[in-house]
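To start, the structure itself, in structure tokens.
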Amino acid sequence: MVSAGLVLLADLVLRDKHRGWLPAVALSGLGAAVIWTVTLILRDREAVAFGGTYSLDTFSIYFKFLFIGVAGLVILASADYVKKLEHQGEFWALLMLATSGMMLLAGARDLILIFVALELTSICQYALAAFVRDGKASEAGLKYILLGAIASAVTLYGMAFLFGISGTTKLVAVDGGTSIASLVLEGDPGTRAALVAGAVLLAAGLSFKVALVPFQMWVPDVYEGAATPVAAFLSVGSKAAGFAVILRVFYQGFGFGPESFISSDWSNMFAAVAAISMTVGNVMALVQTDIRRLLGYSSIAQAGNIAIGVAAVAAGATTGASGVTFFLATYAFTNLGAFFAILAISQRIGSYRIKDYAGMARRAPILAAVLAFCFVSLTGLPPTAGFVAKIYVFNAAVQSDLAWLVIVGVLNSAISAYYYLRVVRHMYLAEPEDESSFSPTPMLAIALGVTALGVLVVGLVPTPLIDAAQRAVEAL
Amino acid sequence: MEAVAQQIPLEHFLVLSAILFSIGVYGVLTRRNAVLIIMSVELMLNAASINMVAFAAYTSPAAFTGIIFAIFIITIAAAEVGLALAIILRIFRNRGTANVDEVNALKW
């Protein structure tokens, strides 16, 4: 799987002369990764490699498919955009490397491997954010890498504590030897303080990846400054990868339910962070005039929504965690759809200001419809995927006695409806300044179609995806 | 390693790394030059490495896990700093400054 990514890299470097083929090469590399994953599934459902540090279970397979899907859609959508750039080969190479880092991350069960995969993903993403040669992209890249480096230093400090008390970097040991999970099971009060300190530091570092408050400062800046396809990739990929690690570390390492004596500690921490993230993200989004910044703050609020699922641990593993995995998949479709529509519209009108989207329904009816539909899904209204995901996560929270969190969540959905639907109203009811109509390029149209269809189908028939999400977390 | 372990208790290393980490955090919060912020982050990373190596030497001297982790930290930190410096260089060429307060085209 990772090798598919690496083979691809070699291809990319060699084929710099035939640039038109690069996206196709990248896509075929992803195809190879899919085939490889499917064969692995067919041959052996559960496997561990490298002394138990890397596991191929239903959890990592679920996320692998998610990352491959995200990368594939981003490649389709950005093919036209990238043609204008100077270094196309590097763009695709970084995108693929980041994706392979994410795939590695989904299966990592060892702190060292988690750190290496996390940095592989992050460093590629920093470079992608600063890829375009203009002042704004460089500034976005600078903010991203400075804050990212701080976050990884904090994560590492937490990992050092965990290593110090357990003497191992394994989250779970296959052979029943010492691991962080077994240390938690022992429940020795002497290790509690160090475990909680490690958990808090680790959570702080990972919150940066998923854009939870108080580590959210980079999000709006990077979304605005970076190239729009990159922002789309970051918003979905980084979040999914971060939450995959959070689930892996906290559910598998620190444990849940009564047998883990620190589960209520970290559950409370995520509940508080979720409530603050939702509120901060939604309130800040109200005053935005740039649609990418609006999506940036919306992404912070959505991270809060997803964190509700992480916090809802008291109801047992499947409810809360599968809520997170399910929400991430629906969020991938929805947010990618929104970003692609914005990419298509803004490439044409040359502006990202919300007021320039006036009357877009008359100028580009399909694009406006997709964007409106995705915004409805982000708000959490039926019949969209976002609605099902929100209900699912809220239900998990209620079952875990976190009713106050659900109330905060519902109030926040009401706030978010204001700014999402304001854009929709602007597109449908305001008078356009310019009557010329346009439609997306074919590649972008395919990507848009897939995402919109995904949002609709998951909204109407969510059961298969919910089943997949539940099977995924059974491995934890 | 064992000779060291007899003379200096583990706590000394932990305190050293905690101080180093705090200096790093302080630097990150107060310095306005991007290059100095990067240097402060390096201090934080080194604090983590010291912790790793100290724990490795005291708790599980037979296994090399902690030392390997420290080597990974050093390598990856180098890669990260390389990229950060490249970005800072580009910003400096664009705007003639590496002060993070003056790099503020993106706001609110």
Side-chain angles (χ1 to χ4, degrees), chain A residues 110-113 115-116 118-120 122-124 126-127 129-130 133-170 178 201 218 220-225 284 287-290 293 297, chain B residues 10 14 17-18 21 24-25 28-29 34 37-38 40-56 58-60 62-63 65-66 68-73 75-77 79-95 98 100 103-108:
Chain A
D110 184 285
L111 293 181
I112 299 184
L113 191 60
F115 171 64
V116 173
L118 203 61
E119 288 300 304
L120 173 58
S122 309
I123 292 180
C124 294
Y126 304 145
R133 239 174 218 281
D134 69 14
K136 276 193 167 184
S138 311
E139 179 177 336
L142 179 70
K143 287 182 174 165
Y144 195 17
I145 197 169
L146 283 182
L147 293 168
I150 297 165
S152 47
V154 172
T155 316
L156 273 176
Y157 206 63
M159 284 180 172
F161 274 121
L162 292 179
F163 170 69
I165 44 168
S166 64
T168 172
T169 53
K170 290 192 178 78
T178 49
L201 288 170
W218 60 278
D221 289 347
V222 171
Y223 285 11
E224 186 187 344
M284 293 300 296
V287 295
Q288 298 307 321
T289 54
D290 184 303
R293 290 189 84 76
Y297 284 107
Chain B
L10 174 62
L14 299 187
S17 91
F21 193 80
V25 173
V28 164
L29 294 176
I37 295 182
I38 290 288
S40 307
V41 172
E42 283 301 293
L43 285 183
M44 293 165 72
L45 287 169
N46 284 341
S49 304
I50 290 178
N51 254 0
M52 286 286 178
V53 176
F55 279 132
Y58 283 86
T59 58
S60 49
T65 329
I68 293 169
F69 208 149
I71 292 173
F72 270 115
I73 296 175
T75 323
I76 290 175
E80 208 163 87
V81 170
L83 183 59
L85 287 178
I87 294 174
I88 294 171
L89 207 61
R90 185 182 273 186
I91 288 199
F92 191 77
R93 282 200 190 135
N94 271 346
R95 312 192 186 182
V100 285
V103 181
N104 56 5
L106 305 167
K107 234 195 273 182
W108 293 112

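The sequence lines fix the lettering, A, B, ..., with proteins before strands; numbering per chain opens at 1.
At a 4.5 Å heavy-atom cutoff, A:Val287 makes no contact with chain B through either its backbone or its side chain. There is no contact between B:Ser40 and chain A, counting heavy-atom distances below 4.5 Å. Interface residue A:Leu111: backbone and side-chain heavy atoms are both found under 4.5 Å from chain B. For chain A, the nearby part of B:Phe21 is the side chain; its heavy atoms alone come within less than 4.5 Å. Proximity to chain A is absent for every atom of B:Ala70, based on heavy atoms less than 4.5 angstrom apart.
Contacts of A:Phe163 classified as ring pair (Phe, Tyr, Trp, His ring centres under 6.0 Å), with partners at least two apart in sequence or in another chain: none. Every residue meeting the ring pair (Phe, Tyr, Trp, His ring centres under 6.0 Å) condition with A:Tyr126, not counting sequence neighbours, appears here in chain and number order: A:Tyr144.
The minimum heavy-atom distance between B:Ile73 and B:Met52, with the atom names listed, is CD1-CG, 4.2 Å.
With hydrogens and angles disregarded, no donor-acceptor distance shorter than 3.5 Å links the side chain of B:Arg90 to the backbone of B:Leu85.
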### Message
Show, in sequence, the C-alpha distance, side-chain angles and deciding distance for A:Phe115 and A:Met159, and conclude whether the side-chain contact (heavy atoms from CB on, under 4.5 Å) test is met.
### Response
CA-CA 9 Å; A:Phe115 171 64; A:Met159 284 180 172; 4.2 Å; yes
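The choice from B:Val81, B:Asn46, B:Asn51 that makes the most heavy-atom pairs within less than 4.5 Å of chain A is B:Asn51. Your options are A:Val116, A:Thr289, A:Ile123, and the one with the most heavy-atom pairs under 4.5 Å with chain B is A:Ile123.
Ion pairing between A:Lys136 and A:Asp221 fails under the 4.0 Å rule for side-chain N and carboxylate O.
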